[in-house]
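Values reported hereafter were calculated over all heavy atoms of this structure, with side chains retained and with hydrogens, waters and symmetry mates removed. Chain A is the first sequence line, chain B the second, and so forth, proteins listed ahead of strands; every chain is numbered from 1.
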Number of protein chains: 2
Amino acid sequence: MSEDAEKIIERLAQDLRAGQFTPGSWLKQVDLQKRYGVGRAPVRKALEALAGRRLIRHEKNRGYSVHPADTEEADQVLDIRVAIETGFAEAICRNAVEADIVELGGLAAEFEKIAINGPFHLLYDANLAFHGALLGCARNPAMVALVADLRMRTSPAPASQWLDRSRIERSAQEHYDMVEAVRTSDAAGLARLIRDHILQRAD
Amino acid sequence: MSEDAEKIIERLAQDLRAGQFTPGSWLKQVDLQKRYGVGRAPVRKALEALAGRRLIRHEKNRGYSVHPADTEEADQVLDIRVAIETGFAEAICRNAVEADIVELGGLAAEFEKIAINGPFHLLYDANLAFHGALLGCARNPAMVALVADLRMRTSPAPASQWLDRSRIERSAQEHYDMVEAVRTSDAAGLARLIRDHILQRAD
DNA sequence: GTTACCAAAATTGGCACCAATAATGCAGCC
DNA sequence: GGCTGCATTATTGGTGCCAATTTTGGTAAC
């Protein structure tokens with residue numbers, strides 16, 4: 001056994017996140033065995049775990065599949081994210097300390113640098129890093145994990161988020177605005193920024 | 001095979017919800033095989049699915065366990081629920097139609113009847129029915145499902161919720177208050193009621 | 001060309017078994 | 001009595017295999 005099931009779960013999740021499986025496509029167990037170099041049991045374990053996290057779908061006797069793109073469910077998930085992330089705006093502002101703000105500033109600058117100069121394939125991870133750190137200020141790890149899962153239910157493909165350069169640059173500016181809202185403990189402002197950011201599908 | 005894995009998943013979830021497993025206890029595969037009359041594979045499938053839903057914990061090479069009671073994580077989950085459920089108060093008020101309000105009134109009355117006369121073991125399900133219907137007014141099934149899962153991470157045991165009669169009766173009154181808030185489209189009032197209700201661990 | 005049927009191929013789901021790992025119990029030492 | 005070490009027992013995790021189910025492709029009929 002080259003690798004254990006926990007790692008397969010995360011590798012498959014990462015590949016899903018990176019958009020390496022077409023939305024709506026079936027995840028065949030035998031294909032995944034070959035892809036990850038493991039046997040059937042760990043593949044099944046990974047598939048079931050991810051189905052439990054609702055990152056993929058399971059249909060009895062037919063198998064597991066990637067969520068189709070642009071579903072009504074995706075809209076629902078975005079609304080859930082809005083509720084959660086804006087609901088924690090106050091906790092974020094309350095709990096963030098100077099080191100957090102410095103880190104957020106750095107991550108916002110990193111995103112901006114990539115937005116201006118590329119390479120653009122790094123934008124997705126830089127964006128995740130910023131938003132993960134922002135939410136982390138709320139000191140509710142269960143929420144951070146939940147939002148990470150919810151993200152994977154709406155926009156698996158990095159390319160789906162930023163259609164043009166001005167949108168990317170606006171996102172970069174919004175990141176700075178969020179940092180400023182945290183620095184000045186403007187929870188209402190932060191909530192508004194987060195809400196708009198999510199609904200513009202900028203994050 | 002007496003029953004398929006999908007059903008085992010739901011039966012195990014139901015038994016967890018009903019508090020039939022001690023918080024913190026290990027869920028041994030061989031015991032579950034006997035309990036549900038199935039083989040190892042469907043048991044594993046069920047365990048993995050529920051671990052994916054974060055309803056139980058998995059530890060590599062040690063197995064699966066029920067969440068311990070009164071953990072820091074439970075507080076985090078309650079905060080997540082507050083954010084979600086208050087965040088959807090406006091959608092609930094906006095989308096509820098007359099039939100919804102009638103239904104909610106009926107469910108509130110049913111809870112109250114049980115609160116006054118018993119049998120008290122029915123309170124839990126009556127409470128779930130009320131809150132499920134209330135959240136259902138938001139027309140976001142993904143959110144309703146998510147909250148149902150989150151609930152199972154905080155108070156698996158019906159007995160843990162209501163320590164005395166006056167608390168039960170107050171809950172019953174709060175249900176009526178929520179219905180009235182929906183009826184009058186008082187989203188802010190509804191949000192406040194929901195928040196207080198959750199943090200008092202009354203639901 | 002389209003539809004229906006059926007056999008073959010593909011895939012999922014479950015079982016028995018065993019390797020790998022953790023837990024338990026016992027003996028010895030301080 | 002408490003601690004350590006080790007053998008035994010218990011349990012999880014993985015494999016190979018086959019039953020059950022679905023999908024695919026070919027053929028016949030219209």
Side-chain angles (χ1 to χ4, degrees), chain A residues 1-16 20-69 71 153 156, chain B residues 1-16 20-69 71 73 152-153 156:
Chain A
M1 222 294 274
S2 61
E3 221 162 2
D4 52 30
E6 308 276 351
K7 292 221 173 76
I8 302 303
I9 293 174
E10 290 314 315
R11 284 179 66 191
L12 179 50
Q14 165 70 16
D15 290 345
L16 284 161
Q20 295 202 13
F21 299 99
T22 309
S25 62
W26 293 97
L27 299 165
K28 296 178 183 178
Q29 295 176 16
V30 63
D31 290 347
L32 297 183
Q33 282 174 241
K34 293 179 196 155
R35 182 188 181 100
Y36 297 113
V38 295
R40 187 81 73 75
V43 163
R44 286 184 186 164
K45 182 167 182 169
L47 287 170
E48 198 57 54
L50 295 179
R53 284 159 70 176
R54 296 199 180 93
L55 305 190
I56 59 178
R57 295 184 174 182
H58 175 251
E59 200 169 326
K60 187 179 177 220
N61 291 328
R62 296 191 67 192
Y64 299 80
S65 62
V66 182
H67 287 293
T71 62
R153 288 170 64 184
Chain B
M1 222 290 278
S2 61
E3 220 161 4
D4 53 29
E6 306 278 351
K7 292 224 172 75
I8 303 302
I9 293 173
E10 289 314 314
R11 284 178 67 190
L12 179 50
Q14 166 67 16
D15 289 344
L16 283 161
Q20 295 203 12
F21 298 99
T22 309
S25 62
W26 293 96
L27 298 167
K28 295 180 184 178
Q29 295 176 16
V30 63
D31 290 347
L32 296 183
Q33 284 173 239
K34 293 179 198 155
R35 183 188 179 101
Y36 298 112
V38 295
R40 186 84 71 76
V43 163
R44 285 182 185 167
K45 183 166 179 167
L47 288 169
E48 198 57 55
L50 295 179
R53 283 159 70 176
R54 298 198 178 91
L55 305 190
I56 59 178
R57 294 183 175 183
H58 177 250
E59 198 170 330
K60 189 182 173 212
N61 290 328
R62 295 192 68 191
Y64 299 81
S65 61
V66 182
H67 287 293
T71 62
E73 193 191 55
M152 288 175 68
R153 289 169 66 183

Please state how far atom [atom1] in [X] lies from atom [atom2] in [N], giving the value in whole angstrom units.
X	N	atom1	atom2	result
B:Lys7	C:dG14	NZ	C1'	16 Å
A:His58	C:dT11	NE2	P	15 Å
A:Leu32	D:dG14	CG	C1'	17 Å
B:Ile8	C:dG13	CD1	C1'	13 Å
A:Asp31	C:dA10	CG	P	12 Å
B:Trp26	D:dT11	CH2	P	13 Å
B:Gln33	C:dG13	CD	C1'	15 Å
A:Glu6	D:dT12	CD	C1'	12 Å

Write out a two-atom table: protein N or O, nucleotide N or O from nucleotides 16-21 of chain C, distance below 3.5 Å.
unit_1, atom_1, unit_2, atom_2, d
C:dT21, O3', B:Asn61, ND2, 3.4

Looking only at side-chain atoms of [X], point me to the closest of [options].
X	options	result
A:Val30	C:dG14, D:dT12, C:dT11	C:dT11
B:Tyr64	D:dG13, C:dC15, C:dG13	D:dG13
A:Pro42	C:dG13, D:dT15, D:dG13	D:dT15
A:Ala41	C:dT12, D:dG14, D:dT11	D:dG14

Kindly compute the distance separating CZ (A:Arg62) from CZ (A:Arg57), expressed to the nearest 0.5 Å.
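A:Arg62 atom CZ to A:Arg57 atom CZ measures 11.5 Å (nearest 0.5 Å).
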Check your understanding: Taking atom CD1 of A:Ile8 and atom CG of A:Leu32, what is their separation to the nearest 0.5 Å?
Key ->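 Here the interatomic distance stands at 9.5 Å.
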N/O donor to acceptor pairs below 3.5 angstrom from side-chain atoms of residues 43-50 of chain B, sequence neighbours left out:
unit_1, atom_1, unit_2, atom_2, d
B:Arg44, NE, B:Gln29, OE1, 3.2
B:Lys45, NZ, A:His58, NE2, 3.3
B:Glu48, OE1, B:Tyr64, OH, 2.5

Looking at [X] and [Y], what are the two nearest heavy atoms and their distance?
X	Y	answer
B:Glu10	B:Arg53	OE2-NH1, 3.6 Å
B:Glu73	B:Arg153	OE2-NH2, 3.5 Å
A:Thr22	A:Val66	O-CB, 3.6 Å

inquiry  = Heavy atoms only, 4.0 Å cut-off, all strands: where does B:Leu47 land among base, sugar-phosphate and nothing?
reply    =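 If one applies the 4.0 Å heavy-atom cut-off, B:Leu47 turns out to touch nothing in the nucleic acid.
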Salt bridge (charged side-chain N to carboxylate O under 4.0 Å, His left out) partners of residues 21-36 of chain A, not counting sequence neighbours, each pair once
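Sorted pair list: A:Asp15-A:Arg35.
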Quick one: is D:dT21 close enough that its OP1 or OP2 comes under 4.0 Å of any side-chain N or O from A:Arg62?
->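 A:Arg62 to D:dT21 OP1/OP2: no side-chain N or O under 4.0 Å.
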| Phosphate oxygens OP1/OP2 of D:dA10: is one of them under 4.0 Å from a side-chain N or O of B:Gln29? |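 B:Gln29 to D:dA10 OP1/OP2: no side-chain N or O under 4.0 Å.
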